[in-house]
There are 2 protein chains.
Amino acid sequence: MTDGNGVTPLDGHLGYWLRFVSNQVSHAFATKLAARGVTVAEWVVLRELFERDAVAPSALAERLGMTRGAISKLADRLATKELITQGPDPARLPHDRRYQTLALTLDGRALVPELSALADRNDAEFFGHLDPGERVVIEEAMKGIVRRLGLRSVPVE
Amino acid sequence: MTDGNGVTPLDGHLGYWLRFVSNQVSHAFATKLAARGVTVAEWVVLRELFERDAVAPSALAERLGMTRGAISKLADRLATKELITQGPDPARLPHDRRYQTLALTLDGRALVPELSALADRNDAEFFGHLDPGERVVIEEAMKGIVRRLGLRSVPVE
DNA sequence: TATTGTTATACTCTATAACTATA
DNA sequence: TATAGTTATAGAGTATAACAATA
C-alpha cells in the first residue's frame, strides 16, 4: 500500500486513525476537566484513589506505569489543590517512616463522580452514535491487542 | 454502567481502550524513530514535506493543526539535524521576505522512506493479526467519527 | 495596520539520576 | 546496603503573547 513513491500514506495506517480519534477524545476530555481545574493525569490518580482509598505512591506508580518521581510531582499538585492528603502509612506504624500513603480528601472524593460524569459525556459525544455491534468489535479488538501483546499501565495522555 | 458507586469504571469507556492502544502504538513508534534520531512530531513534518516539497511554515501549521510558534521550533530542530532547509520563498521573490519555505534536504528526502518502513512495521506489529473485516469496521468507524465531528489536523502525539 | 515568522515565557508530562531518610 | 520517596535536571510538546520585519 504505497502512493507510488514507495512510501505508505500517513493515513494508510490503522494506527493513524486511532491516534487521530484518540487524541481528539483526550483533548476534548482535557478541556472539560480543565474547567474543574484538573488535568487528565490528575484525574486518573483521583479515580484510582477513589477505588482503593489509601495507596502508597510506589504502588500507584506501578499500577499506572509511571515513575515514582512523576507520581510524587502529581501528588504534590493534587495536595496543593487539597484534593488528596499525603501522610505516613498508618498500617506500617509505628514508624517505618519511609512508607507514605495517598488518600482523597472529602473534596477530592466528592469531585470524582462529577469528573466521571464528564468522562461519560465525553465518551458519548464521540462514540454514542456507534451501533452496538460496531462498538463491540472495536472494544474487543482493542482488548485483544492489549492481551496479545501483554500491554499494561493505564494510558494517561 | 457504573460500579455501584455511581462512577463509571475507567475501562468502561471506549475512549479508554482506544487511548490505551493508541498510546502504546505511538510509544512503540517513537522508540523506533528515536533510533534514527527523530521524534514523531518531526516525522510528521518530514512526511508532509516529502509529499509537497516546499511549504510555508504557516501552511504547515494550518495543515498539522499546530501554532506557528510550534512549527518554528520544530523547523529549527530539523534544520539543525540538516534534514530540512529554511529559506525565502522563491515563488514570492523578488522579495516579499516575510514568506519562508521549508524543504527537505537530500538527506531528509532519503530518510523518509526508511522511516515509513518503520511505520509500516509498527502498524503491522499491533494490527497485522486483525482479520480484514475487523480492520474495515474499525477504520470506517474512526473515519466516520472524524467526518461526523468535522475534525481536522494531523494527530502528532 | 495587517501579515509572516520568530522569540519569550510558561505549563504539562515524561524520564533519569542524584539525593534523603529510614531500615 | 537496600528501599521509599523526593528533588533536580532535562527534553518534548503545547499554547499565548510579545516582537521584528515587511508589506
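Worth knowing before you read on, the calculation uses all heavy atoms, side chains too, and leaves out hydrogens, waters and symmetry mates. Bear in mind that the values here come from a model prediction, so they are computed numbers and not experimental data.
- For D:dT16, neither phosphate oxygen OP1 nor OP2 lies less than 4.0 angstrom from any side-chain nitrogen or oxygen of B:Thr67.
- To the nearest angstrom, C1' of C:dT14 lies 15 Å from CD of B:Gln24.
- Atom CD in B:Glu42 sits roughly 11 Å away from atom P in D:dT14 (whole-Å rounding).
- One interatomic measurement links the two molecules: CG of B:Leu78 to C1' of D:dA12, which rounds to 13 Å at whole-angstrom precision.
- Listed by chain and residue number, A:His129 satisfy the side-chain hydrogen bond (donor to acceptor under 3.5 Å, both in side chains) test with B:Arg148 (two or more places apart in sequence, or in another chain).
- Aromatic ring orientation, B:Phe20 versus B:Tyr16: perpendicular (interplanar angle above 60°, classes split at 30° and 60°).
- If you take NE2 of A:His27 and P of C:dT12, they are 14 Å apart, rounded to a whole angstrom.
- Using a 4.0 Å cut-off between charged side-chain N and carboxylate O, B:Glu62 and B:Arg68 make no salt bridge.
- For the pair A:Asn23 CG and C:dC13 C1', the interatomic distance rounds to 14 Å; values are reported in whole Å.
- Applying the salt bridge (Lys or Arg N to Asp or Glu O under 4.0 Å) rule to pairs touching residues 100-109 of chain B yields B:Asp53-B:Arg109, sequence neighbours excluded.
- The nearest whole Å value for the distance from the CG atom in A:Leu33 to the C1' atom in C:dT12 is 14 Å.
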Protein N or O to nucleotides 3-7 of chain D N or O, pairs below 3.5 Å:
residue, atom, partner, partner atom, Å
D:dT3, O2, A:Arg98, NH1, 3.0
D:dA4, O3', A:Arg98, O, 3.4
D:dA4, N7, A:Arg68, NH1, 3.4
D:dG5, OP1, A:Gln100, N, 3.0
D:dG5, OP1, A:Gln100, O, 3.3
D:dG5, OP2, A:Ser58, N, 3.1
D:dG5, OP2, A:Ser58, OG, 2.6
D:dG5, N7, A:Arg68, NH1, 2.6
D:dT6, OP2, A:Ser72, OG, 2.8
D:dT6, O5', A:Ser72, OG, 3.3

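- Rounding to whole angstrom units, CG of residue B:Leu60 and C1' of C:dT6 are separated by 15 Å.
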inquiry  = The test is side chain to side chain donor-acceptor pair (under 3.5 Å); show your working for A:His13 and B:Asn122 and say whether it passes.
reply    = CA-CA 9 Å; A:His13 296 120; B:Asn122 198 62; over 6 Å; no

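- For the pair A:Phe29 CZ and C:dC13 C1', the computed distance is 17 Å after rounding to whole Å.
- Ion pairing between A:Lys32 and A:Glu125 holds under the 4.0 Å rule for side-chain N and carboxylate O.
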